[in-house]
Amino acid sequence: MKIATYNVNGINGRLPRLLEWLEESQPDIACLQEIKTSNETFPLEAIHGAGYGAIWSGQKSYNGVAILARDATPVERLRELPGGVDDTHSRYIEAEVDGVVVASLYLPNGNPQPGPRFDYKLAWFERFNQHAKSLLKEKRPVVLAGDYNVVPTDFDIYDTRSWLNDALLQPESRAAYAALLKQGWTDAIRAKHPDERIYTFWDYLRNRWPRNAGLRIDHLLLSPDLAAHLVDANVDREQRGKEKASDHAPTWVVLG
DNA sequence: ATGACTTTCACCGAAAGA
């Protein structure tokens with residue numbers, strides 16, 4: 001089973017790229033972030049045409065997440081992260097597909113920091129970690145896939161110099177991610193490639209794709225039982241080099 | 001310190017992204 005996460009940066013504007021990638025990569029499950037569309041304008045017909053069922057939690061202009069499943073419709077479990085009071089952002093959706101619990105999450109960026117946006121990021125992260133803990137208690141196969149907006153270590157970025165004040169590298173952000181892993185989750189890309197620099201995002205600015213000045217911020221976390229079945233994990237880097245590409249590349253795992 | 005690039009909405013500039 002192949003499960004992917006892909007921050008599309010606008011699903012309608014990105015639709016040709018998304019459909020090409022689905023055809024080329026053939027994921028069984030695709031978790032999407034930043035669909036940037038209201039629920040009414042989600043391109044369901046095109047997704048169906050590609051052979052996928054879908055559930056989504058949209059929001060006009062910003063945020064928005066979805067879960068696609070090949071030849072199946074994901075069975076929705078949640079369409080928002082529990083514990084949110086006055087949280088109007090569409091950043092979380094969770095479903096069951098083929099016996100696996102799958103979450104598609106879009107963790108807040110948090111810039112500028114310090115400030116209310118960074119406070120929101122850390123609060124959202126804390127809520128997410130609490131929910132993740134409750135998922136582990138279910139003792140079921142779970143994949144937490146998405147754009148975490150965290151560069152876990154200095155090994156996950158080309159160079160820290162331009163990013164030292166960025167919310168993605170702050171000690172608080174990294175501590176929250178480390179605490180999540182410590183619950184028992186496996187960072188699939190890092191588990192499969194412990195000694196390789198791997199990136200999932202290259203900013204549109206400053207020629208960062210041609211320079212391979214990337215960051216690893218899209219992650220797939222596996223529950224302990226699933227981690228034992230990890231066969232492969234990687235990034236579809238070539239998608240980032242296409243015309244009208246998202247600034248993120250699809251990232252995936254294969255579970256045997 | 002700022003802006004560079006891209007998407008969205010909506011009306012050509014603003015907001016947000018990371």
Side-chain angles (χ1 to χ4, degrees), chain A residues 5-19 21 32-43 46 56-66 87-92 104-125 128 145-174 176-177 189 197-219 235 237 239-251:
Chain A
T5 183
Y6 184 12
N7 180 322
V8 294
N9 189 12
I11 193 172
N12 283 309
R14 202 73 57 210
L15 199 51
R17 290 290 88 80
L18 174 62
L19 297 176
W21 169 71
L32 308 182
Q33 300 85 34
E34 279 206 274
I35 61 175
K36 291 186 170 180
T37 178
S38 64
N39 283 329
E40 294 72 24
T41 48
F42 185 87
W56 61 94
S57 173
Q59 180 181 338
K60 193 174 174 180
S61 302
Y62 305 117
N63 310 315
V65 286
D87 189 353
T88 56
H89 294 195
S90 295
R91 295 183 177 277
Y92 189 83
S104 178
L105 64 122
Y106 176 46
L107 215 133
N109 170 293
N111 282 308
Q113 74 79 33
R117 289 169 176 275
F118 191 58
D119 296 341
Y120 172 62
K121 176 187 191 130
L122 296 180
W124 202 97
F125 219 143
F128 178 66
D147 177 356
Y148 284 71
N149 271 317
V150 175
V151 175
T153 73
D154 288 354
F155 192 61
D156 299 300
I157 183 169
Y158 66 104
D159 188 331
T160 60
R161 272 179 297 183
S162 302
W163 298 85
L164 289 173
N165 290 319
D166 195 282
L168 279 61
L169 274 73
Q170 292 315 298
E172 297 94 329
S173 308
R174 288 178 162 181
Y177 187 75
I189 289 282
R197 287 205 181 255
I198 294 182
Y199 309 132
T200 66
F201 165 86
W202 297 260
D203 204 311
Y204 291 124
L205 283 65
R206 295 170 173 165
N207 232 19
R208 284 196 165 118
W209 167 247
R211 293 166 45 215
N212 192 29
L215 288 64
R216 192 174 75 91
I217 57 177
D218 300 274
H219 308 303
V235 178
R237 280 178 57 96
Q239 298 299 324
R240 181 62 182 81
K242 293 192 170 183
E243 288 296 315
K244 299 282 287 180
S246 169
D247 40 6
H248 296 250
T251 307

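Throughout, a chain's letter reflects where its sequence line sits, starting with A, and its residues are numbered from 1.
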To the nearest angstrom, the CG-C1' distance between N207(A) and dA4(B) comes to 11 Å
Taking atom C1' in both dG3(B) and dC9(B), what distance in whole Å separates the two?
-> 23 Å
Can you tell me the distance, in whole Å, between the CD atom of E243(A) and the C1' atom of dT6(B)?
-> 14 Å
Can you label the angle between the F128(A) ring and the Y148(A) ring as parallel, tilted or perpendicular, going by 30° and 60°?
-> perpendicular
Where do A66(A) and S104(A) come nearest, in terms of heavy atoms and distance?
-> O-OG, 3.3 Å
Do V151(A) and D166(A) come within less than 4.5 Å of each other through their side chains, counting heavy atoms only?
-> no
Please measure how far the P atom in dC5(B) lies from the corresponding atom in dC11(B), and state the result in whole Å.
-> 26 Å
Starting at the 5' end of DNA chain B and moving along, which residue's nearest nucleotide shows up first, Y204(A) or N111(A)?
-> Y204(A)
Nearest-Å distance for atom pair CZ/P, residues R117(A) and dA15(B) | 10 Å
Give one of base, sugar-phosphate or nothing for L168(A), where a contact means two heavy atoms less than 4.0 Å apart.
-> sugar-phosphate
OH of Y120(A) versus P of dA16(B): gap in Å, rounded?
-> 13 Å
If you measure from the C1' atom in dT6(B) to the same atom in dC12(B), how many Å do you get, rounded?
-> 16 Å
Nearest whole angstrom, please: distance from the P of dA16(B) to the NE2 of H89(A).
-> 9 Å
Please state how far atom CD in Q59(A) lies from atom P in dA15(B), giving the value in whole angstrom units.
-> 17 Å
For the residue pair H248(A) and F201(A), categorise the inter-ring angle as parallel (less than 30°), tilted (30 to 60°) or perpendicular (more than 60°).
-> tilted
Of R206(A) and D247(A), the one whose closest nucleotide on DNA chain B sits nearer the 5' end is R206(A)
Pick base, sugar-phosphate or nothing for H248(A), based on heavy-atom distances below 4.0 Å to the nucleic acid.
-> sugar-phosphate
Heavy atoms under 4.0 Å, any strand shown: does D218(A) hit a base, just sugar-phosphate, or nothing?
-> nothing
Nearest-angstrom distance, C1' atom, dA1(B) to dG13(B) = 22 Å
Atom CG of N165(A) to atom C1' of dT2(B): distance rounded to whole Å?
-> 15 Å
Is there side-chain contact between N165(A) and N111(A), with at least one heavy-atom pair below 4.5 Å?
-> no
For R91(A) and dG17(B), is the shortest distance between a side-chain N/O and OP1 or OP2 below 4.0 Å?
-> yes
Touch check for R208(A), heavy atoms < 4.0 angstrom, all strands: base, sugar-phosphate only, or nothing?
-> nothing
Quote, to the nearest angstrom, the C1' distance that separates dA4(B) from dG17(B).
-> 14 Å
Going by the angle between their ring planes, with limits at 30° and 60°, are Y199(A) and W202(A) parallel, tilted or perpendicular?
-> perpendicular
Base, sugar-phosphate alone, or nothing: which one does D147(A) contact when heavy atoms must sit under 4.0 Å apart?
-> sugar-phosphate
Sort me out a list of protein N/O and nucleotides 8-10 of chain B N/O pairs below 3.5 Å, or just none if empty.
residue, atom, partner, partner atom, Å
dT8(B), OP1, G13(A), N, 3.2
dA10(B), OP1, K60(A), NZ, 3.2

Could you check how far CD of Q33(A) sits from C1' of dG17(B), rounded to whole Å?
-> 14 Å
Assign Y106(A) to base, sugar-phosphate, or nothing according to its heavy-atom contacts below 4.0 angstrom with the strands shown.
-> sugar-phosphate
Check the pair R237(A), N212(A) against side chain to side chain donor-acceptor pair (under 3.5 Å), reporting the backbone distance first and the verdict last.
-> CA-CA 10 Å; R237(A) 280 178 57 96; N212(A) 192 29; 3.2 Å; yes
Where do R208(A) and Y158(A) land on the side chain to side chain donor-acceptor pair (under 3.5 Å) test, with the steps shown first?
-> CA-CA 10 Å; R208(A) 284 196 165 118; Y158(A) 66 104; 3.1 Å; yes
